[in-house]
Amino acid sequence: MKRVLSGIQPSGQLTIGNYIGALSKFVKLQHDNRCFFMIVDLHAITQPQEPEALREQSESVSALYLAAGIDPSKASIFLQSHIPAHAELGWLLTTLTYMGELERMTQFKDKSSGKESIGVGLFTYPSLMAADILLYQADLIPVGDDQKQHIELTRDLAHRFNSRFGEFFTMPELYMDELGGRVMSLDDASKKMSKSNPNPASFIAMLDEPDVIRKKLSRAVTDSGREVKYDPQNKPEIANLMGIYSHFAEMSIAEIEARYEGQGYGPFKKDLAEQLVAVLEPIQQRYREIRKSGEVAGVLKKGAEEAAVIANETVLEAKKRMGFLIN
Ligand code: AMP
Ligand code: TRP
């Protein structure tokens, strides 16, 4: 069985970008692989978080994992901060990372641009992400396109460690499909849809009420044409909506083009809203039940116990190889 690992930051409401790029893949992969799905709270604090909001979001994202269909008897679901080995291996790998490598990270450049003071954690964040992955000797990492560069760095660090201290870490691979890698904003198709965008009309949150979803989609920016045709170069807004449609309706782009031939954008956007509601409404219903039941704490405890066994073993072996005295 392959080992699959991924994580989402509890730093805001999850969007359909997170669902398409990450969460829905987690659900699919859990059946045939040994899966580790984290809520990466240590990553979230690389940007300021109110303590109460961090607590609420950590619980909310955990509940959404369950509501979306991750089964805790198949996959380990846990909080990154519950396993100290993440911070520990994170530090060890930070010492193997070059400044120049981190300076090249586009996510760092985006998140730090225009800021007067930039936290060091935001800079060293990719070394911690590498630790998350290497701790579990993971083979496959389901993430969106924006994480590609971080996975590359993880591979470089694994290689660097292995050549200095002997073959040890598994080389992880990116798991992504073409359409799901990058869902764009509804108000600007040149920007990634993001939960941290201050304009809520730019994204659809997984917990948006059906009427909010309908409204946001009806107002989503499109070009002034009327042909539902997949042309990312010239019609990026419609291409983005078609990608979302394709994912939620499980239809190919060609099938969507055929269905809306000669119909204009109106009916297409209306149906897209209904496709989203059909998938998200049952998830929202389960989410509310899970929050009420209080079952999240037990799931996280069990997940951390399972994951810690592997994580502790890995960090101990890494330390031995690096020359730390072990009692
Ligand atoms: P984050 O919200 O940064 O914690 O991202 C969690 C996961 O969702 C990562 O695998 C991201 O690559 C993925 N993701 C976030 N936004 C998008 C998007 N707009 N399109 C596709 N994947 C996304
Ligand atoms: N950096 C990822 C993001 O912002 C989250 C993340 C942290 C992650 N550690 C990970 C993803 C390990 C995959 C594997 O989306």
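Here, residue 1 is the first one in the sequence, and each next residue gets the next number. Atoms within a ligand are numbered from 1 in the order they appear, just like the ligands themselves. What's counted below: heavy atoms across the whole structure, side chains too, no hydrogens, waters or symmetry copies.
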Classify the ring geometry of H150 against Y125: parallel below 30°, tilted from 30° to 60°, perpendicular beyond 60°.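 The arrangement is tilted - the two ring planes meet at 30° to 60°.
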Can you classify the ring geometry of F123 versus F108 as parallel (below 30°), tilted (30 to 60°) or perpendicular (above 60°)?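 It falls in the perpendicular class, over 60°.
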For [X] against [Y], the heavy-atom pair lying closest together:
{"X": "Y136", "Y": "R3", "result": "O-NH1, 2.9 Å"}
{"X": "K229", "Y": "I238", "result": "O-CG2, 3.9 Å"}
{"X": "L157", "Y": "L96", "result": "CD2-O, 3.7 Å"}

Flag [X] as yes when one of its N or O atoms lies below 3.5 Å from any N or O atom of ligand 1, and as no otherwise.
{"X": "G7", "result": "no"}
{"X": "M184", "result": "no"}
{"X": "D145", "result": "no"}
{"X": "S6", "result": "no"}
{"X": "V183", "result": "yes"}

After noting the C-alpha distance and the side-chain angles of F37 and F78, does the key distance pass the ring pair (Phe, Tyr, Trp, His ring centres under 6.0 Å) rule? CA-CA 7 Å; F37 297 127; F78 58 99; 9.3 Å; no
I need the atoms of ligand 2 closer than 4.0 Å to a non-hydrogen atom of [X], numbered in the order shown.
{"X": "V143", "result": "11 (C), 13 (C)"}
{"X": "L5", "result": "12 (C), 14 (C)"}
{"X": "I133", "result": "12 (C), 14 (C)"}
{"X": "I141", "result": "13 (C), 14 (C)"}
{"X": "S6", "result": "11 (C), 13 (C), 14 (C)"}

When you measure from the side chain of [X] to the backbone N and O of [Y], does any donor-acceptor pair fall under 3.5 Å?
{"X": "K2", "Y": "D139", "value": "no"}
{"X": "S202", "Y": "S185", "value": "no"}
{"X": "E237", "Y": "D188", "value": "no"}

Give yes if a backbone or side-chain nitrogen or oxygen of [X] is under 3.5 Å from a nitrogen or oxygen of ligand 2, and no if not.
{"X": "H150", "value": "no"}
{"X": "Q9", "value": "yes"}
{"X": "Q147", "value": "yes"}

Per-atom contacts of ligand 1 with [X], taking only distances under 4.0 Å to non-hydrogen atoms:
{"X": "M193", "answer": "16 (N), 18 (C), 19 (N)"}
{"X": "Q147", "answer": "12 (O)"}
{"X": "K195", "answer": "1 (P), 2 (O), 4 (O)"}
{"X": "A22", "answer": "7 (C), 8 (O), 10 (O)"}
{"X": "I8", "answer": "4 (O), 6 (C)"}
{"X": "R182", "answer": "20 (N), 21 (C)"}

Under 6.0 Å between the ring centres of [X] and [Y]?
{"X": "Y260", "Y": "Y265", "answer": "no"}
{"X": "H159", "Y": "F169", "answer": "no"}
{"X": "F248", "Y": "Y19", "answer": "yes"}

With heavy-atom distances below 4.5 Å as the criterion, would you say the side chains of P210 and Q284 are in contact?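 Result yes, sub-4.5 Å side-chain heavy-atom pair found.
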Give me the one residue out of I20, V183, I16 that meets side chain to side chain contact (heavy atoms under 4.5 Å, CB included) with H247.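 Per the side chain to side chain contact (heavy atoms under 4.5 Å, CB included) rule, the option paired with H247 is I20, out of I20, V183, I16.
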Nearest option to atom 11 (C) of ligand 2, as decided by whichever heavy atom of A138, G144, A130, G7 sits closest: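 Looking at heavy atoms only, G7 sits closest to atom 11 (C) of ligand 2.
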Where is the nearest protein heavy atom to atom 1 (N) of ligand 2: which residue, which atom, and how far?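 For atom 1 (N) of ligand 2, the nearest protein heavy atom comes out as Y125 OH, 2.6 Å.
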Nearest protein heavy-atom contact for atom 22 (N) of ligand 1: which residue, which atom, what distance?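 Of the protein heavy atoms, G17 O, 3.3 Å lies nearest.
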Contact with ligand 1 for G181, non-hydrogen, under 4.0 angstrom: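 So G181 counts as touching ligand 1.
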Check if I20 has a non-hydrogen atom at a distance under 4.0 Å from any atom of ligand 1.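 I20 does not count as a contact of ligand 1 under the 4.0 Å cut-off.
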Can you tell which part of D146 has a heavy atom less than 4.0 Å from ligand 1: side chain, backbone, both or neither?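 The part of D146 near ligand 1 is the side chain, not the backbone.
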Can you find a side-chain donor-acceptor pair between D71 and Q30 that sits under 3.5 Å?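 Note: D71 and Q30 side chains miss the donor-acceptor criterion.
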